Q: 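Here's a structure for you.
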Amino acid sequence: MLIITLVKGVPARTTQVQTVSGVLKREEMELVLNPHDAKAIEAAYYIKRMVGGKLICLSMGPEPKIVPIMKELYEPKEDSRLVPRICFGGVDQNILLSDRRMAGADTWATSYTLAKGIQKIIQLHLEAVDRLEQAIGTAELGETARALHLSGLIPHHIYSELPAIKDSLVPRFLRGDIGVGDLRRHLQEYRENLMRFIIIAGMKTTDGETGNTGPQTAEALSQMMGRLIPSVAFVREMEISPDGDHVIAVRSIGSIIQKLRIPIPCLLTVHTEYEPKIPDISLQRQVRVRGYIPQRGKVEVWNADFIGADPSKLGLMGSPTIVGPGYEVGRPPAQKVVGESLIFARDVERTEWLGKAYGPFKAGELVSNLPQDLVEHLRSRGLIRVFTLEDMIGELFGGLKVVARAV
Amino acid sequence: MSLEQYRDVWAYCVRDGDGLTRPSLEIISAARRVADKLGQRAVAVILGYGLEKVLDEAIAAGADMVVYADEPWLSQYQCLPYTRVICEMIEKMKPYAFLFVADELGRDLSPRVAYRVGTGLATDNIDLAVEDYYFGPTNTTYKNVLAQIRPDFATRVAKIYTPRHRPQIASIRPGNFEPLRMDPKRRGELVRFNPQPVEEDFQVQIIGETRRPKSAIDLEGAEVIISLGLGILRDAEGNPRNPREAFQLASDIVKLLREKYGLRAEIGATRALIYSELKELEGLITSERQVGQTGKTVSPEIYLAVGISGAVQHKVGMIKSKRIVAINCDRNAPIFELAHYAIKEDLYRVLPRIRQLLDGG
């Protein structure tokens, strides 16, 4: 089974983000794996250990930033800053969609691009079967199968030289143990299985925070493939049937907890609270033969032409939404420090002081930008005093009518 | 088809029992506000089965019209059939804007709807406005577009526009619009849709539905959150303290806020505190309470950060709180950068006084 995980690089420090007219300038920031994607990889690895297959991570973004992250997805370094320790083991291939034309994409254009990438992944695996079938009856069959196997495009049960996997299909055929009809039938079965893929995504990213890309990728892929690929967001528990036919998933939707039977192919996004089940160890052998040779250390980089994307649907120009100007809101305009800040004890009218006018001021207002001697003067008259905990509680909860429930 | 032909502001409403959910009433209110600015209608969209009781409620809550589909096969929420019905409604009636609630259902449904009709989706908005937007690349000014205002990267908000596509789809974070006062005398139009089920939409089977237990900690819905961090392990002099004491103080305050002030109050925690798995806090401080990047994003009226230094990962989860109180004896704690109120004192002295003050002392 092709198990495709969607991953993204997000700014390591979400508070220091450089934007150029509202668009993220990702090249200038350090990127790390989106923390929610670790859950997606865990879920994908669970599926791989249950039914066998190839765990592929697919991403889109600037090559220099994403490639180091993806390399560590095969095996993170000690104390990695890019990838959390929990998400390693089992990644067979990393593919990055990267092209200047893809930059500035919103979730619509991102989903379109990712779906094109997924389609390409499936297509390459189908073409590998085509090449094998064309080689049947020629002297090249063994060599073709070997090359495809090494590049991770066909699984062990079709061709393998690993000592643990003795009875793979092509060698058996070459030895004369099975006939050409059997070989073709098995390949046809495998071809059909390639259409039973599963896509896993994190529930959202920590930069955009939308959670749109998962469901939208399923919709984009549905349109491209001419069949509906269901999407289920916020999966909290999940079990896959050992035959890879469907998953049973639990998710909450408002006040309702739904238990769903989802046929494969499908797309799931996993909730933060998801914890993978322990895979059934008795399945180990059949799982192993369905595996592929991992492409360790390599990150494939595909551009828009390679995946056959329509350039008008990519990046900034392919995005229906436009990010307008942003503005800072984080820092409060004025901070009141209990026991330190000075506030006006009562309403104070407009006051002349050494030829300049100040005020008027409202009771409770923070004293700022007043000449020190004026402050002393007002303080001596009891018009200014120190802000207290009582004041704070009064400001927060005294005007409770604002927040109090009607019922 | 020209953009001007798209009219009315739709709000996707969710029924819960005999009524509409509170966030549904909030987005009717939001749709009302936008529609009034444009001289258009506010429309509630409801899908389900046995909807008689809630249709009038949507009108009373401020809608001019309810567009609904009332079918047995829509009785339980499912993404694919709901997406199809909603897309058919859009196709037929061509709304100017379409609002969803940014909750689990809205986030499951609205992305597929937006992709299928080929329009933009602005997620998690906290406010809406109508304005003209100049788009440089095509040198065009788009009149009366929806400015969809959402939090952006921790300390900023951004305006998102969907100038060239319709409807402009936006999900609205709960708690940012006040529902309008119910007016049972309001009149409105009810438009029933009669969609046909399509077999392919029912590939996913619901094999069980249960109601989520109400006792669950509801951080997202809380009006006041008191969050605890690793600072509760010591007092200002550096002496170790039993963190259970701080938890008890916070619980007392939460209880007062709930019972005496009628507020939805909860205790939150930082990832650091949860993952230190202290024996004293076993079963009390669990991951359900985690606020921050890998936990929950909250936006209560009041957020009290107690003994929290303010790591970025925590800040991004609570920065949208309306008023932030930071209590920390470390005068340089980064949490103070965000605080509207700063208390640079020993939390073990401050919390009992807050409890006393709230209790009418």
Side-chain angles (χ1 to χ4, degrees), chain A residues 13-15 17 22 35 106-108 111 206-207 209-212 215-216 218-220 228 230-234 252-263 272-273 319-332 335-339 389-390 392-393 396-397 400 403-405, chain B residues 14 16 77 79-80 103-105 107-108 111-112 115-116 119-124 135 152-165 200 203-212 223 261-263 293-294 301-302 312 316 319 323 337-344 353-354 357-358:
Chain A
R13 296 178 303 258
T14 25
T15 47
V17 174
D106 73 355
T107 66
W108 198 100
S111 305
T206 53
D207 55 354
E209 288 259 349
T210 70
N212 296 344
Q216 292 199 315
E219 182 63 26
L228 275 179
S231 55
V232 174
F234 307 117
S252 76
I253 202 100
S255 57
I256 305 284
I257 294 169
Q258 287 187 327
K259 190 171 190 184
L260 303 170
R261 183 185 189 278
I262 309 155
T272 343
E273 283 166 22
S319 299
T321 60
I322 295 169
V323 182
Y327 41 94
E328 290 288 331
V329 289
R331 206 170 281 257
Q335 183 179 73
K336 290 181 176 170
V337 183
V338 169
L389 194 65
E390 287 79 355
M392 186 192 87
I393 295 294
L396 289 174
F397 300 100
L400 249 190
V403 289
R405 320 248 341 114
Chain B
V14 175
D16 191 15
Y77 170 73
C79 181
L80 291 175
D103 58 7
E104 287 162 323
L105 191 152
R107 288 172 200 275
D108 191 67
R112 281 201 87 127
Y115 196 94
R116 196 173 293 180
T119 188
L121 167 59
T123 315
D124 248 339
F135 185 50
D152 176 36
F153 299 100
T155 61
R156 296 161 57 85
V157 298
K159 289 182 176 176
I160 312 286
Y161 303 93
T162 308
R164 297 156 296 163
H165 301 73
E200 200 188 4
Q203 325 174 22
V204 176
Q205 289 166 27
I206 299 173
I207 51 182
E209 266 195 4
T210 45
R211 284 195 86 80
R212 193 166 16 190
E223 292 160 309
Y261 295 82
L263 291 169
Q293 187 166 294
T294 50
E301 293 289 328
I302 299 168
V312 169
V316 297
I319 194 151
R323 281 177 294 177
E337 292 166 13
L338 304 181
H340 301 76
Y341 297 99
I343 309 177
K344 301 176 177 182
R353 284 180 56 212
I354 291 179
L357 287 166
L358 286 173

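The basis for the numbers below is simple: all heavy atoms, side chains too, and nothing from hydrogens, waters or symmetry mates. Remember, it's a predicted structure, so these values are computed and weren't measured experimentally. Numbers restart at 1 for each chain; the letters A, B, ... are given by sequence-line order, proteins then strands.
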Q: If you compare all heavy atoms of A:Gln216 against all heavy atoms of B:Pro111, which two are closest, and at what distance to 0.1 Å?
A: NE2-O, 2.9 Å
Q: Just give me the residue among A:Ile253, A:Ile257, A:Thr321 that pairs up with chain B most often, heavy atom to heavy atom, under 4.5 Å.
A: A:Ile257
Q: As an exercise: rank B:Val14, B:Ile207, B:Asp103 by heavy-atom pairs under 4.5 Å with chain A and give me the winner.
A: B:Ile207
Q: Going from CD1 on B:Ile354 to CE on A:Met392, what distance comes out if it is rounded to the nearest 0.5 angstrom?
A: 4.5 Å
Q: Do A:Thr210 and B:Asp124 have a side chain donor and acceptor closer than 3.5 Å?
A: no
Q: Keeping the roles fixed (side chain from A:Gln258, backbone from B:Ile206), state whether a donor-acceptor pair exists under 3.5 Å.
A: no
Q: If every non-hydrogen atom of B:Thr119 is compared with every non-hydrogen atom of A:Trp108, which pair is closest and at what distance?
A: O-CD1, 3.6 Å
Q: Do side-chain atoms of A:Gln335 reach the backbone of B:Tyr341 as a donor and acceptor pair under 3.5 angstrom?
A: no
Q: Return the CD to OG distance between B:Glu209 and A:Ser252, rounded to the nearest 0.5 Å.
A: 11.5 Å
Q: Looking at chain B, which one of A:Asn212, A:Ile322, A:Val337, A:Val232 has the largest number of heavy-atom pairs inside 4.5 Å, strictly under?
A: A:Ile322
Q: State, to 0.1 Å, how close A:Pro320 and B:Arg164 come at their nearest heavy-atom pair, and which atoms those are.
A: O-NH2, 3.9 Å
Q: Is there a side-chain contact between B:Leu358 and A:Phe397, using heavy atoms and a 4.5 Å cut-off?
A: yes
Q: Can you confirm whether A:Ile256 sits close enough to B:Arg211 that some side-chain heavy atom of one is under 4.5 Å from a side-chain heavy atom of the other?
A: yes
Q: Flag the one option from A:Ala233, A:Gly339, A:Ser319, A:Ser111 with the top tally of heavy-atom pairs under 4.5 Å to chain B.
A: A:Ala233
Q: Quick one: are A:Pro230 and B:Cys79 in side-chain contact, heavy atoms under 4.5 Å?
A: no
Q: Does a side-chain heavy-atom distance below 4.5 Å link B:Tyr115 with A:Thr107?
A: no
Q: Under a 4.5 Å heavy-atom cutoff, which of B:Arg107, B:Lys344, B:Gln203 has the most pairs with chain A?
A: B:Gln203
Q: Can you find a pair of side-chain heavy atoms, one from B:Arg353 and one from A:Glu390, that are under 4.5 Å apart?
A: yes
Q: Please look at B:Leu121 and chain A and tell me whether the side chain, the backbone, both or neither of the residue comes under 4.5 angstrom of a heavy atom of that chain.
A: both
